[in-house]
*Asks:* 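There's a structure below that I have some questions on.
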Number of protein chains: 2
Amino acid sequence: MASTIKQIAQKANVSIATVSRALSDNPKVQEVTRKKILKLAKELNYNPNIIARNFAKRKSNMLGLILPDISDEFFAEIIHSIDETAYEFGYFTLVVSSHKNRSMVESINTMMHSGLVGGFILLTPFMSNDIAHALSTNTVPYVLISGDSEIGDYDVITVDNYKSSFKLVEHLVAKGYKKIGHIAGPEENNDAFLRKKGFADACKKFKLEVKDYWLAKGTFTMASGEQATLKMLKHNDMPRVIFAANDMMAIGCCNALKSKGIKIPEEVAVVGFDDIILSEYSNPSLTTIKVDTDRIGNLAAQRLIEKVQKDVNGKVKKVVVPTELVTRNSC
Amino acid sequence: MASTIKQIAQKANVSIATVSRALSDNPKVQEVTRKKILKLAKELNYNPNIIARNFAKRKSNMLGLILPDISDEFFAEIIHSIDETAYEFGYFTLVVSSHKNRSMVESINTMMHSGLVGGFILLTPFMSNDIAHALSTNTVPYVLISGDSEIGDYDVITVDNYKSSFKLVEHLVAKGYKKIGHIAGPEENNDAFLRKKGFADACKKFKLEVKDYWLAKGTFTMASGEQATLKMLKHNDMPRVIFAANDMMAIGCCNALKSKGIKIPEEVAVVGFDDIILSEYSNPSLTTIKVDTDRIGNLAAQRLIEKVQKDVNGKVKKVVVPTELVTRNSC
DNA sequence: AAATGAAATGAAAACGTTTACATTGACGGT
DNA sequence: ACCGTCAATGTAAACGTTTTCATTTCATTT
């Protein structure tokens with residue numbers, strides 16, 4: 001069944017070198033012999049052995065994708081878009097999830113040293129010393145998808161967390177809101193950090209007073225958004241609008257408010273970040289920031305392939321992907 | 001940087017065969033030489049070249065995963081769980097998404113003939129002639145994740161659509177509902193088909209009358225659920241409860257009902273299927289069927305690895321994963 | 001007719017590892 | 001002392017492809 005170039009060579013009465021050349025569109029082979037070989041290849045149902053090819057070429061046509069130990073809709077889209085671009089350029093996508101048995105550092109080391117992949121994309125919400133150290137080996141090229149483009153001297157594709165957050169506050173101010181609260185995400189999370197900073201800087205710019213109890217900490221989960229809001233409610237002095245650092249917490253926030261009979265957005269408005277599917281259909285539908293996941297995946301893959309193929313000059317490239325404000329009924 | 005067994009062999013004054021044996025825990029090597037080699041390997045920062053190894057062994061430690069051209073939360077979980085099991089057994093996961101440029105059949109052919117993977121998992125909502133034909137090559141082992149275990153003589157992991165659907169109706173009957181409508185999914189979709197069949201058979205068993213206009217067709221999207229419901233409403237004779245073949249349509253259904261001022265569940269109740277994240281937080285929260293995605297992924301990977309490693313006897317194995325009824329406020 | 005050069009092809013090495021088979025040396029039984 | 005056995009190690013082939021370098025062929029120029 002599985003035929004090799006050797007068999008084709010025999011049947012065609014040429015050397016394997018010629019077959020190899022004919023099949024790889026090498027111009028140094030006569031049209032007539034190429035035709036003959038191609039015909040035979042089809043007849044013999046030839047399929048190149050990709051492992052052998054990668055081995056011989058001493059390079060891999062696979063790209064690694066290292067995922068953190070969580071799984072949400074975001075990743076499904078990222079994987080899809082990365083694989084789409086990878087395919088376009090003749091690469092396969094090797095997905096490596098982190099989980100209880102495999103740390104991100106272990107994954108990085110595997111990608112760096114196994115020869116399995118030509119390069120990899122690391123999707124990480126934060127940058128630790130461990131990770132930075134593992135990356136410093138620099139054996140194969142890589143690209144980061146992360147919340148902050150300034151985490152170091154890396155090629156990174158990132159959502160424009162800071163500016164989006166800033167603009168969201170501007171939007172709120174434009175709508176007349178003056179008392180704004182914020183539920184932040186996990187401290188070590190880059191996205192969370194920049195969203196908070198964008199919020200804080202915008203408040204400063206507009207000289208908005210932000211009571212300290214309007215600033216809450218969450219963990220990006222719905223439950224944490226709910227808790228943070230309940231805690232805020234105890235002070236009997238609510239902000240006029242709450243900006244949650246992601247939609248999940250925003251929805252938790254809404255739940256808490258509704259449970260106390262507080263009308264959204266009439267009494268307290270709520271806005272989120274991410275534009276997850278849920279946001280459109282939660283009650284009330286969420287005003288939020290839409291992230292172009294597809295574009296992030298495409299860009300990351302493109303950049304990685306660029307690095308894998310040409311020996312790109314040392315300079316790293318940082319791409320900040322803009323977002324879109326989606327206004328709905330929660331504000 | 002990247003050292004080879006050859007270099008280790010040189011330094012250790014042994015042959016490369018011995019090094020290879022020592023590194024692969026072959027018992028035919030003296031404890032003392034093994035120690036020496038392992039030490040040197042560490043010193044030289046040796047990492048096996050996995051491509052070379054796969055090539056030499058004439059087998060791959062990669063598993064393919066073919067995904068359809070959609071991306072929802074379901075896939076992120078499936079990928080995660082498959083990769084977890086794969087890792088446990090020393091395999092990598094090669095994800096291949098279908099999209100505008102790459103059909104599922106093309107993906108199957110690649111997996112079958114490239115030598116890249118030792119086997120693959122095909123995640124498909126339906127079985128076409130094209131797909132069946134591509135699978136018939138049977139070059140490497142594969143496992144299906146699909147809605148129907150009886151689509152053919154395949155190893156398949158499947159959700160218990162039929163029984164779950166049947167039980168859901170039983171549950172409704174037990175709660176006193178007698179007039180039940182159904183919004184079905186796409187006709188060619190196996191999950192949709194079996195859910196509809198489970199519904200129909202249960203209705204028959206309980207001798208429930210089902211008006212033909214209580215039977216609607218949808219496409220698994222929220223919008224289609226909404227439309228189907230609006231159409232149903234025109235007859236001015238609504239069922240007491242609507243069973244939508246998935247949660248997305250169920251939510252669309254709720255939206256339609258709410259838009260007409262119909263109270264859920266007091267006037268018309270709604271139930272769904274899947275237990276997507278949204279369901280818990282939609283308004284009202286949805287009664288639905290929870291699918292154990294992790295288990296499906298684990299089982300599929302386990303079975304595939306079994307087939308890849310031992311030459312499993314011809315008999316195919318079909319696993320039907322049970323579900324769980326989740327009762328919430330929509331019914 | 002000889003020389004030159006280009007185009008097409010072939011021969012063989014190389015990639016890093018595994019593995020079948022061969023070799024060595026030590027030991028125990030006769 | 002000889003033979004056989006066994007454990008440890010070595011030798012070399014093999015995997016399928018690419019690629020460098022050498023060779024052949026043939027047309028063109030002198």
Side-chain angles (χ1 to χ4, degrees), chain A residues 1-38 40-41 44-62 90 110 113-118 139-140 309, chain B residues 1-38 40-41 44-62 90 110 113-118 139-140 309:
Chain A
M1 198 84 239
S3 53
T4 67
I5 53 169
K6 209 169 166 184
Q7 294 167 30
I8 298 180
Q10 240 166 7
K11 291 240 181 194
N13 256 319
V14 295
S15 70
I16 59 165
T18 304
V19 177
S20 174
R21 281 191 275 256
L23 292 171
S24 59
D25 284 330
N26 188 316
K28 326 179 113 197
V29 48
Q30 253 188 332
E31 220 18 64
V32 48
T33 48
R34 178 195 309 287
K35 281 261 173 64
K36 182 171 63 176
I37 288 169
L38 257 40
L40 274 168
L44 293 176
N45 193 23
Y46 172 78
N47 285 93
N49 181 320
I50 297 188
I51 300 250
R53 174 178 292 173
N54 284 340
F55 176 54
K57 287 188 152 184
R58 282 165 284 289
K59 52 173 121 166
S60 165
N61 71 336
M62 286 180 269
T110 306
H113 303 291
S114 66
L116 245 190
V117 298
T139 315
V140 300
Q309 291 186 340
Chain B
M1 197 84 240
S3 54
T4 67
I5 53 169
K6 209 168 166 184
Q7 293 168 31
I8 298 179
Q10 239 167 8
K11 290 241 181 193
N13 256 319
V14 296
S15 71
I16 58 166
T18 304
V19 175
S20 175
R21 282 192 275 256
L23 292 172
S24 56
D25 285 331
N26 187 315
K28 328 179 111 195
V29 47
Q30 254 189 333
E31 216 23 60
V32 47
T33 48
R34 179 195 310 286
K35 281 260 172 64
K36 182 170 64 174
I37 289 169
L38 256 42
L40 273 169
L44 292 176
N45 192 24
Y46 171 78
N47 285 93
N49 181 320
I50 296 188
I51 301 250
R53 174 178 292 173
N54 284 339
F55 176 54
K57 287 189 151 184
R58 280 165 286 289
K59 52 173 121 166
S60 165
N61 71 336
M62 286 180 271
T110 306
H113 304 291
S114 66
L116 244 189
V117 298
T139 316
V140 300
Q309 291 187 339

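In what follows, chains are A, B, ... by sequence order, proteins preceding strands, each numbered from 1. Keep in mind the model is a prediction, meaning the values are calculated, not measured.
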*Asks:* Starting at atom CG of B:D25, determine the distance to atom P of C:dT18, rounded to an integer number of angstrom.
*Replies:*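 My rounded result for the distance is 12 Å.
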
*Asks:* Rounded to whole Å, please give me the gap between NZ in B:K59 and C1' in C:dT17.
*Replies:*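 From B:K59 NZ to C:dT17 C1': 14 Å.
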
*Asks:* Expressed in angstrom and rounded to an integer, what is the separation of B:N26 atom CG from C:dT19 atom C1'?
*Replies:*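 So the two atoms are 10 Å apart, to the nearest Å.
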
*Asks:* Counting only Watson-Crick or G-U wobble pairs whose two distances fall under 3.5 Å, which nucleotide matches D:dA1?
*Replies:*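 In the structure as shown, D:dA1 has C:dT30 as its Watson-Crick or wobble partner.
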
*Asks:* On DNA chain D, nearest-nucleotide positions of B:A17 versus A:I16: which is more 5'?
*Replies:*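 On the 5' side of the pair lies B:A17.
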
*Asks:* Go through D:dT17, C:dT18, C:dG16 for me and flag the one nearest to the B:R53 side chain.
*Replies:*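 In terms of side-chain proximity for B:R53, the closest of D:dT17, C:dT18, C:dG16 is C:dT18.
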
*Asks:* Between atom CZ in B:F55 and atom P in C:dT18, what is the gap in whole Å?
*Replies:*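 In whole Å, C:dT18 P lies 13 Å from B:F55 CZ.
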
*Asks:* Would you tell me if any nitrogen or oxygen in the side chain of B:Q30 comes within less than 4.0 Å of OP1 or OP2 on D:dT9?
*Replies:*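 The answer is yes; a side-chain N or O of B:Q30 sits under 4.0 Å from OP1 or OP2.
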
*Asks:* Please answer whether the main-chain N or O of A:N26 pairs with a side-chain N or O of A:R34 as donor and acceptor at a distance below 3.5 Å.
*Replies:*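 Yes, A:R34 side chain to A:N26 backbone: donor-acceptor pair under 3.5 Å.
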
*Asks:* I need the CG-C1' distance between A:N54 and C:dA14, as an integer number of Å.
*Replies:*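 To the nearest whole Å, that distance equals 16 Å.
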
*Asks:* For the pair made of CD in B:E31 and P in D:dT9, what is the distance, rounded to whole Å?
*Replies:*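 Going from CD in B:E31 over to P in D:dT9 covers 11 Å.
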
*Asks:* How is A:S24 classified with respect to the nucleic acid when contacts are heavy atoms under 4.0 Å: base, sugar-phosphate, or nothing?
*Replies:*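 Contact class for A:S24: none.
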
*Asks:* Let me spell it out: for each of A:K6 and B:K28, pick the nucleotide of DNA chain D with the closest heavy atom. Which residue's pick is nearer the 5' end?
*Replies:*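 It is B:K28 whose nearest nucleotide is closer to the 5' end.
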
*Asks:* For the pair A:S60 (side chain) and A:L116 (backbone), establish whether a donor and an acceptor sit closer than 3.5 Å, ignoring hydrogens and angles.
*Replies:*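 A pair under 3.5 Å: yes.
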
*Asks:* Touch check for A:N13, heavy atoms < 4.0 angstrom, all strands: base, sugar-phosphate only, or nothing?
*Replies:*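 Here A:N13 touches the backbone only, sparing every base.
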
*Asks:* Would you say B:S15 reaches D:dT11's phosphate, i.e. side-chain N/O to OP1/OP2 under 4.0 Å?
*Replies:*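 No, outside the criterion.
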
*Asks:* Do the side-chain N or O atoms of A:R21 get closer than 4.0 angstrom to the phosphate oxygens (OP1, OP2) of D:dT19?
*Replies:*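 It does not, given that no N or O in the side chain of A:R21 lies less than 4.0 Å from OP1 or OP2 of D:dT19.
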
*Asks:* What's the CG-P distance between A:L116 and C:dC15, to the nearest Å?
*Replies:*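 My rounded result for the distance is 20 Å.
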
*Asks:* Give a yes or no answer on whether the side chain of B:R21 reaches the backbone of B:V19 with a donor-acceptor pair at less than 3.5 Å.
*Replies:*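 Flag not set: sc B:R21 to bb B:V19 has no pair under 3.5 Å.
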
*Asks:* Does OP1 or OP2 of C:dG16 have a side-chain N or O of B:S20 closer than 4.0 Å?
*Replies:*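 For C:dG16, neither OP1 nor OP2 has a side-chain N or O of B:S20 closer than 4.0 Å.
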
*Asks:* Could you go step by step and tell me if A:Q7 and A:T4 meet the side-chain contact (heavy atoms from CB on, under 4.5 Å) rule?
*Replies:* CA-CA 5 Å; A:Q7 294 167 30; A:T4 67; 3.9 Å; yes

*Asks:* Look at all strands and tell whether A:T4 reaches a base, only sugar-phosphate, or nothing, counting heavy atoms closer than 4.0 Å.
*Replies:*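 Result for A:T4 = sugar-phosphate.
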
*Asks:* Looking for any heavy atom pair under 4.0 Å, which part of the strands does B:I51 touch: base, sugar-phosphate only, or nothing?
*Replies:*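 The residue B:I51 makes no contact with any strand.
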
*Asks:* Report yes or no: does A:K36 contribute a side-chain atom to a donor-acceptor pair with the main-chain N or O of A:A12 at less than 3.5 Å?
*Replies:*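 Checked: pair present.
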
*Asks:* Just so I know, are the side chains of B:M62 and B:N54 near enough to count as touching, which here means a heavy-atom distance under 4.5 Å?
*Replies:*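 Touching, per the 4.5 Å side-chain cut-off.
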
*Asks:* Does D:dT29 pair with anything, Watson-Crick or G-U wobble, both distances under 3.5 Å, and if so, with which nucleotide?
*Replies:*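 Looking at the geometry, D:dT29 pairs with C:dA2.
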
*Asks:* If I take atom NZ in residue A:K57 and atom P in nucleotide C:dC15, what distance separates them, rounded to the nearest angstrom?
*Replies:*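 After rounding, the gap between these two atoms is 17 Å.
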
